[in-house]
Amino acid sequence: MSGPYLVRGSVSLPEAELMWRFSRSSGPGGQHVNTSDTQVELRFDLAKTQALPPVWKERALQRLAGRLVDGVVTVRASEHRSQWRNREAAAVRLASLLAEATAPPPRPRRATRIPRGINERRLREKKQRSETKRGRSGNDWR
(Lines give C-alpha, C1' and ligand atoms only; values in the text may rest on other atoms or scores of the structure.)
Protein backbone atom coordinates (compact mmCIF):
# COMPACT_ATOMS: atom_id res chain seq x y z
CA MET A 1 0.00 0.00 0.00
CA SER A 2 2.46 2.62 -1.09
CA GLY A 3 1.42 6.02 -2.32
CA PRO A 4 -1.37 8.23 -1.02
CA TYR A 5 -2.90 6.88 2.18
CA LEU A 6 -6.65 7.43 2.13
CA VAL A 7 -8.17 8.91 5.30
CA ARG A 8 -11.83 9.27 4.37
CA GLY A 9 -13.64 10.08 1.15
CA SER A 10 -11.17 11.69 -1.28
CA VAL A 11 -8.87 13.07 1.43
CA SER A 12 -5.48 11.39 1.61
CA LEU A 13 -2.19 11.92 3.43
CA PRO A 14 0.56 13.25 1.15
CA GLU A 15 3.79 11.26 1.24
CA ALA A 16 5.79 14.49 1.63
CA GLU A 17 4.22 15.21 5.06
CA LEU A 18 4.96 11.76 6.50
CA MET A 19 8.19 11.41 8.49
CA TRP A 20 9.54 7.86 8.75
CA ARG A 21 12.08 6.61 11.27
CA PHE A 22 13.46 3.09 11.52
CA SER A 23 15.08 1.26 14.42
CA ARG A 24 15.81 -2.23 15.62
CA SER A 25 12.72 -4.11 16.64
CA SER A 26 12.19 -6.43 19.57
CA GLY A 27 9.47 -8.35 17.70
CA PRO A 28 9.61 -11.61 15.74
CA GLY A 29 12.62 -12.48 13.58
CA GLY A 30 15.20 -14.37 15.62
CA GLN A 31 18.80 -13.23 15.06
CA HIS A 32 17.59 -11.20 12.09
CA VAL A 33 16.20 -8.71 14.65
CA ASN A 34 19.70 -7.88 15.89
CA THR A 35 20.97 -6.75 12.50
CA SER A 36 18.13 -4.96 10.69
CA ASP A 37 16.03 -1.88 11.34
CA THR A 38 12.52 -3.29 11.04
CA GLN A 39 10.61 -1.21 13.61
CA VAL A 40 8.85 1.71 11.98
CA GLU A 41 7.89 4.99 13.60
CA LEU A 42 5.62 7.17 11.48
CA ARG A 43 5.15 10.82 12.43
CA PHE A 44 2.57 13.19 10.99
CA ASP A 45 2.43 16.89 11.84
CA LEU A 46 -1.29 17.36 12.34
CA ALA A 47 -1.01 20.98 13.47
CA LYS A 48 0.77 22.18 10.30
CA THR A 49 -0.81 19.97 7.63
CA GLN A 50 -2.73 21.42 4.71
CA ALA A 51 -4.00 18.00 3.56
CA LEU A 52 -7.04 17.97 5.86
CA PRO A 53 -9.99 20.36 5.64
CA PRO A 54 -9.92 22.94 8.48
CA VAL A 55 -13.01 21.47 10.19
CA TRP A 56 -11.51 17.98 10.21
CA LYS A 57 -8.17 19.32 11.38
CA GLU A 58 -9.70 21.11 14.39
CA ARG A 59 -11.77 18.03 15.26
CA ALA A 60 -8.70 15.76 15.05
CA LEU A 61 -6.56 18.15 17.12
CA GLN A 62 -9.24 18.20 19.81
CA ARG A 63 -9.85 14.43 19.88
CA LEU A 64 -6.19 13.42 19.71
CA ALA A 65 -4.96 16.06 22.17
CA GLY A 66 -3.72 13.41 24.62
CA ARG A 67 -1.67 11.68 21.91
CA LEU A 68 -0.07 14.71 20.34
CA VAL A 69 3.41 16.05 21.11
CA ASP A 70 3.76 19.58 19.71
CA GLY A 71 0.96 18.86 17.22
CA VAL A 72 2.62 15.71 15.89
CA VAL A 73 0.94 12.30 16.06
CA THR A 74 3.23 9.23 16.18
CA VAL A 75 2.42 5.63 15.27
CA ARG A 76 4.77 2.64 15.75
CA ALA A 77 4.71 -0.78 14.12
CA SER A 78 7.01 -3.71 14.83
CA GLU A 79 4.80 -6.77 14.55
CA HIS A 80 6.22 -8.01 11.21
CA ARG A 81 9.69 -9.25 10.28
CA SER A 82 10.08 -6.97 7.30
CA GLN A 83 10.40 -3.21 7.31
CA TRP A 84 8.10 -2.94 4.30
CA ARG A 85 5.21 -4.73 6.03
CA ASN A 86 5.74 -2.63 9.16
CA ARG A 87 5.64 0.51 7.00
CA GLU A 88 2.31 -0.58 5.58
CA ALA A 89 0.96 -1.45 9.03
CA ALA A 90 1.98 1.93 10.46
CA ALA A 91 0.47 3.83 7.51
CA VAL A 92 -2.82 1.92 7.75
CA ARG A 93 -2.91 2.50 11.51
CA LEU A 94 -2.31 6.24 11.08
CA ALA A 95 -4.96 6.53 8.35
CA SER A 96 -7.56 4.71 10.46
CA LEU A 97 -6.65 6.80 13.53
CA LEU A 98 -7.17 10.00 11.56
CA ALA A 99 -10.36 8.67 9.98
CA GLU A 100 -11.79 7.98 13.43
CA ALA A 101 -10.61 11.33 14.82
CA THR A 102 -12.07 13.34 11.93
CA ALA A 103 -15.42 11.57 11.84
CA PRO A 104 -18.43 13.78 12.55
CA PRO A 105 -19.78 13.57 16.09
CA PRO A 106 -22.67 11.14 16.60
CA ARG A 107 -26.19 12.50 16.58
CA PRO A 108 -27.44 13.41 20.04
CA ARG A 109 -29.78 10.89 21.59
CA ARG A 110 -33.43 11.80 21.49
CA ALA A 111 -34.99 11.33 24.90
CA THR A 112 -38.00 9.03 24.83
CA ARG A 113 -40.44 8.05 27.55
CA ILE A 114 -40.75 4.50 28.76
CA PRO A 115 -44.21 3.21 27.78
CA ARG A 116 -46.60 2.92 30.72
CA GLY A 117 -47.33 -0.76 30.05
CA ILE A 118 -43.68 -1.73 30.30
CA ASN A 119 -43.27 0.09 33.60
CA GLU A 120 -46.44 -1.48 35.03
CA ARG A 121 -45.33 -4.96 33.93
CA ARG A 122 -41.92 -4.44 35.57
CA LEU A 123 -43.54 -3.38 38.85
CA ARG A 124 -46.02 -6.29 38.73
CA GLU A 125 -43.20 -8.82 38.20
CA LYS A 126 -41.20 -7.18 40.96
CA LYS A 127 -44.13 -7.52 43.36
CA GLN A 128 -44.59 -11.21 42.42
CA ARG A 129 -40.91 -11.89 43.03
CA SER A 130 -41.17 -10.14 46.39
CA GLU A 131 -44.14 -12.33 47.38
CA THR A 132 -42.24 -15.47 46.36
CA LYS A 133 -39.26 -14.52 48.49
CA ARG A 134 -41.40 -13.49 51.44
CA GLY A 135 -43.07 -16.93 51.27
CA ARG A 136 -39.64 -18.56 51.79
CA SER A 137 -38.94 -16.71 55.07
CA GLY A 138 -39.75 -19.72 57.23
CA ASN A 139 -41.78 -17.86 59.88
CA ASP A 140 -44.96 -19.86 59.12
CA TRP A 141 -43.40 -23.34 59.20
CA ARG A 142 -44.05 -24.28 62.84
Side-chain angles (χ1 to χ4, degrees), residues 1-15 17-34 36-142:
M1 178 187 178
S2 64
Y5 303 104
L6 204 61
V7 175
R8 206 161 28 92
S10 62
V11 177
S12 60
L13 300 176
E15 188 70 38
E17 292 189 16
L18 300 178
M19 296 167 280
W20 299 92
R21 197 171 132 221
F22 308 100
S23 59
R24 294 205 175 128
S25 174
S26 62
Q31 292 178 0
H32 172 73
V33 169
N34 301 329
S36 58
D37 295 337
T38 55
Q39 178 174 298
V40 174
E41 185 178 285
L42 175 58
R43 297 167 52 102
F44 179 68
D45 196 342
L46 188 58
K48 294 180 184 171
T49 187
Q50 298 298 319
L52 298 176
V55 175
W56 288 17
K57 187 172 161 181
E58 287 302 316
R59 200 180 290 156
L61 284 170
Q62 185 181 15
R63 289 184 182 167
L64 296 175
R67 259 192 98 135
L68 298 177
V69 177
D70 296 329
V72 177
V73 64
T74 305
V75 175
R76 276 201 185 115
S78 63
E79 58 265 11
H80 300 291
R81 283 187 63 161
S82 74
Q83 186 185 101
W84 180 255
R85 288 182 66 192
N86 282 331
R87 280 179 70 122
E88 287 183 353
V92 167
R93 204 174 295 156
L94 177 66
S96 66
L97 179 73
L98 289 175
E100 189 177 310
T102 59
R107 286 185 168 188
R109 183 187 173 278
R110 250 183 52 204
T112 57
R113 286 185 52 212
I114 298 173
R116 197 166 110 203
I118 290 177
N119 210 18
E120 288 175 355
R121 186 177 337 125
R122 180 184 64 84
L123 292 174
R124 188 170 50 247
E125 289 171 0
K126 192 172 175 181
K127 190 170 275 192
Q128 280 180 337
R129 187 77 182 146
S130 170
E131 291 296 326
T132 303
K133 287 189 170 193
R134 194 174 322 140
R136 294 180 189 157
S137 67
N139 291 343
D140 306 339
W141 283 65
R142 291 183 203 177

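Worth saying up front: this structure is predicted, and the values here are computed from it rather than measured.
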* Structure fact -> Asn86 and Thr38 have their tightest heavy-atom pair at ND2-O, 2.7 Å
* To do: Might you point out which heavy atoms bring Arg87 and Glu15 nearest each other, and give the distance in Å?
  => NH2-OE2, 4.1 Å
Could you check whether atom [atom1] of [X] has more than 12 heavy atoms from other residues, nucleotides or ligands sitting under 6.0 Å from it?
X	atom1	result
Arg63	CZ	yes
Glu131	CD	yes
Leu123	CG	yes

Can any side-chain N or O of [X] pair as donor or acceptor with the backbone N or O of [Y] at less than 3.5 Å?
X	Y	value
Arg67	Val72	no
Arg21	Glu41	no
Ser130	Lys126	no

[X]: what forms a side-chain hydrogen bond (donor to acceptor under 3.5 Å, both in side chains) with it, not counting sequence neighbours?
X	value
Arg116	Glu120
Arg93	Glu79
Arg85	His80
Arg121	none

Is there a side-chain contact between [X] and [Y], using heavy atoms and a 4.5 Å cut-off?
X	Y	value
Pro53	Val11	yes
Lys133	Arg136	yes
Thr74	Leu68	no
Gln39	Arg24	no

Got a list of side-chain donor-acceptor pairs under 3.5 Å for residues 42-52, not counting sequence neighbours?
residue: Asp45; atom: OD1; partner: Ala47; partner atom: N; Å: 3.4
residue: Asp45; atom: OD1; partner: Lys48; partner atom: N; Å: 3.4
residue: Thr49; atom: OG1; partner: Glu17; partner atom: OE1; Å: 2.4
residue: Thr49; atom: OG1; partner: Ala51; partner atom: N; Å: 3.1

* Inter- and intrachain pairs under side-chain hydrogen bond (donor to acceptor under 3.5 Å, both in side chains), touching residues 51-60, at least two apart -> none
* **Between Gln83 and Trp20, a side-chain donor and acceptor under 3.5 Å** => no
